[in-house]
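So you know, we letter chains A, B, ... as the sequences are listed, proteins then strands, and number each from 1.
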Protein chains: 2
Amino acid sequence: MRKNNKGITIYDIAEKLKVSPTTVSRALNDHHSISKETTLSVKKLAKKMGYRPNSVASNLRKNKTNTIGVIVPLINRPFIAALISGIEDTASQSDYNVIISQTYDSYKKEVATAHTLYSSRVDGLIVSLAMETRQYDHFHAFLENKIPLISVDRIAPELETDCVAIDNHSAGFKATEHLIEMGCRRIAHLGGAQHRNTYRGRQQGYLDALKKHNLPIDERLVVHSKLSMEEGRESTKYLLGLPNPPDGIFSANDSAAVSAIQYAKLKGWHIPQDLAVIGFNNDPISSIIEPQLTTISHPAHDMGKIAAQQILRHQEYGHIVQSQNTVLKTEVIVRDSTQRKITTSSIHRNSA
Amino acid sequence: MRKNNKGITIYDIAEKLKVSPTTVSRALNDHHSISKETTLSVKKLAKKMGYRPNSVASNLRKNKTNTIGVIVPLINRPFIAALISGIEDTASQSDYNVIISQTYDSYKKEVATAHTLYSSRVDGLIVSLAMETRQYDHFHAFLENKIPLISVDRIAPELETDCVAIDNHSAGFKATEHLIEMGCRRIAHLGGAQHRNTYRGRQQGYLDALKKHNLPIDERLVVHSKLSMEEGRESTKYLLGLPNPPDGIFSANDSAAVSAIQYAKLKGWHIPQDLAVIGFNNDPISSIIEPQLTTISHPAHDMGKIAAQQILRHQEYGHIVQSQNTVLKTEVIVRDSTQRKITTSSIHRNSA
DNA sequence: TAAAATTACGCAATCGGTTGCGTTGCAATA
DNA sequence: TATTGCAACGCAACCGATTGCGTAATTTTA
């Protein structure tokens, strides 16, 4: 007895079986107060009729959507794709859906997206902030209504949420120290916008490593950009054109590092003899470039899994769950772009 | 007068303003039958109270979710990420959400996912089939209920939906012919599973190109695998170890092509003089490898946009919309891995 | 000035499940 | 035999917004 062109509802099943919709609902959910025979016959008929529960209705009544919202700058980056993959992985194991939105690093889009996802009544939100974002009011609704909100990778202290991130300072420090161990004495840094924790941390680590090893800090060797391939090329052109060019480059991402290598090679520089280069993220391109790029591992997939788990835990245990900040480990993945001499250091060797 | 710990509803606004929830709802939606003053005061109070519409409730009543479901094998691939990016792009412009699920190429996961997305009452579904999938019953609910269903890239004739894809045969043909033009006479093919249209089409194009140019077909030169880096390496090892090894390789993806180059170089082969290699997809790694990889452009982003547009069109014009299959153009992107001689052919030159 | 039209709004049903509370029938217990 | 307990199910409210229809007040038209 289907209505117009709609799907089958529990009412249709109830009618045929001469029971109430309540019973059907309970039978489908294995409620204990329904007899085995009834449960069986309901399920059987449901299957036969091709019944598919309407989770919109269920969500409304239960005030729960089994959905995790995700806001990221741009999907189409190896690091972000891995992050999402991790989230989706964990979520789907617990029958959660994942809604994804991109901000394209625009504050305005981030605001609109946050509102939309709140309206969708997601059960939790995972955010990696847009580059532009400096205000955080658009997340207030989540905080006020105790909807778990987790910042990943790009985080902000102003936004009082649980965080999952890496220790960018330590990573930047290790990267720079690795170059120093490889014999570099004049190290440049390709950095990103300093109001985002990630790039700021990496640069600070770079500076502190220089200080620790009593190397002079030359501001001309620090170049900020969006770290695209194009900008990496331009920055490198500038650096190598200096009267006193660097003998090592620490780039805050792999794209810029790779284009640095490409440009330097084009101009006749030998990598790593004349110029050692270390990147960040361990993107696929890092192991394709020649020489293969030494870089910093970035546990994006794990980050996604942990963030999702944290939300699921909130769902399960309510607000008993303590606020929790996770800092993930990174490693220097040593490849040929920095191997200027045999090293006895204990740094993990990897040539994937 | 908020309930327990819930959010603000139109009832809360109605109460304060001494009007009916109906009026509030209409005011918020700029219904013509509500006076300007009332509309204004409603909106003002709504903003002040931090009201956020509950789209779950709205969705239920309107029987529309403004959501597009997406099923893909794996997010974490350049091609897929670009596809999703295109979908999300178009969707968000029309205030549609996107729910993404991965199948990991498993049939079982695809079935579960399709059911879940149907239960979520997505307004349309975009699917790129899992490698394993050979049955399509799990999509019946969509077809029966006239929910727009679009297959992209990996499509199947058994599944009667609109499609957005490339002409794999033509692309495979062009790729192979390019190698022939470059002087190759003994061309190998790294192919994928032949029950998926993409790989079958590419291989058929390869075979037909050989036929057209009266080159013998040697089955030993056709190697099937999942085209991972590892398998690409192994396949190449096998090919180069043949008594009569190939002088050109057409790989059905870039990963395998890149690892073929890497292995061949390692063994002292000169690319492209001894061995020309052409890939497929134009992944980022293809322009990083040395020599840069000639490949086939794959309009994944456009594919996503077109698929999403097709769904939006269905939403707008109902079922008047004609079924429509889109076949997108591909191009040979000529780079150094196949440039064995100066060519006067009209093939588009690109060295991004 | 009476009738018709328009403006501005409310009532109550509706979307499809879920759930607290109540009811019925029958077996177990006192 | 009267009471209690439990198994199995139904009633009706509910989640929050939307919408067809009705109505009162005001304005326009005849």
Side-chain angles (χ1 to χ4, degrees), chain A residues 1-15 17-43 46 49-67 116 118-121 123 141 145, chain B residues 1-15 17-43 46 49-67 116 118-121 123 141 145:
Chain A
M1 215 49 59
R2 251 190 262 178
K3 337 270 175 60
N4 304 349
N5 52 355
K6 302 303 179 52
I8 291 124
T9 72
I10 55 170
Y11 295 91
D12 300 322
I13 298 176
E15 200 171 330
L17 246 42
K18 312 263 185 220
V19 296
S20 74
T22 302
T23 300
V24 175
S25 171
R26 289 190 175 129
L28 292 171
N29 291 302
D30 287 312
H31 194 280
H32 65 274
S33 81
I34 305 296
S35 73
K36 284 166 201 160
E37 307 90 61
T38 308
T39 298
L40 210 68
S41 65
V42 166
K43 285 188 177 178
M49 295 177 71
Y51 168 77
R52 295 284 158 205
N54 183 328
S55 31
V56 179
S58 170
N59 291 345
L60 175 60
R61 176 61 224 247
K62 296 204 286 190
N63 197 32
K64 184 158 184 329
T65 55
N66 269 46
T67 300
T116 301
Y118 181 80
S119 277
S120 299
R121 296 299 189 266
D123 290 333
N145 293 291
Chain B
M1 215 48 57
R2 252 190 262 178
K3 337 269 174 64
N4 305 347
N5 51 356
K6 304 300 179 53
I8 291 123
T9 73
I10 54 171
Y11 294 91
D12 301 323
I13 298 176
E15 199 171 330
L17 246 41
K18 314 260 185 223
V19 296
S20 75
T22 303
T23 300
V24 175
S25 171
R26 289 191 175 128
L28 291 172
N29 291 303
D30 288 311
H31 193 281
H32 66 273
S33 82
I34 304 296
S35 72
K36 284 164 200 160
E37 307 90 62
T38 308
T39 299
L40 210 68
S41 66
V42 166
K43 286 189 176 177
M49 294 177 72
Y51 168 77
R52 294 284 158 206
N54 183 328
S55 30
V56 179
S58 171
N59 291 346
L60 174 59
R61 176 61 225 252
K62 296 203 289 191
N63 198 30
K64 181 156 187 330
T65 54
N66 268 45
T67 300
T116 300
Y118 181 79
S119 276
S120 299
R121 296 299 190 266
D123 291 332
N145 293 292

Among [options], find the nucleotide with the atom closest to the side chain of [X].
{"X": "A:Asn54", "options": "C:dG17, D:dG16, D:dT18", "answer": "C:dG17"}
{"X": "B:Ser33", "options": "C:dC9, C:dG10, D:dA17", "answer": "C:dC9"}
{"X": "A:Ala57", "options": "D:dT18, C:dG16, C:dT18", "answer": "C:dG16"}
{"X": "B:Leu60", "options": "D:dT18, C:dT18, D:dG16", "answer": "D:dG16"}

Terminal helix-axis angle for the helix from C:dT1-D:dA30 to C:dA30-D:dT1, with five pairs defining each axis and rounding to 10 degrees: 50°
For atom [atom1] of [X] and atom [atom2] of [N], their distance in whole Å:
{"X": "A:Arg61", "N": "D:dA17", "atom1": "CZ", "atom2": "P", "result": "16 Å"}
{"X": "B:His32", "N": "D:dT18", "atom1": "NE2", "atom2": "C1'", "result": "15 Å"}
{"X": "B:Ile10", "N": "D:dT18", "atom1": "CD1", "atom2": "P", "result": "7 Å"}

Hey, does the side-chain of A:Arg52 have a donor or acceptor N/O within less than 3.5 Å of a partner on the base of C:dG16? no
Quick one: is [N] close enough that its OP1 or OP2 comes under 4.0 Å of any side-chain N or O from [X]?
{"X": "A:Thr38", "N": "D:dC9", "result": "yes"}
{"X": "B:Ser25", "N": "D:dT18", "result": "yes"}
{"X": "B:Asn59", "N": "C:dC15", "result": "no"}

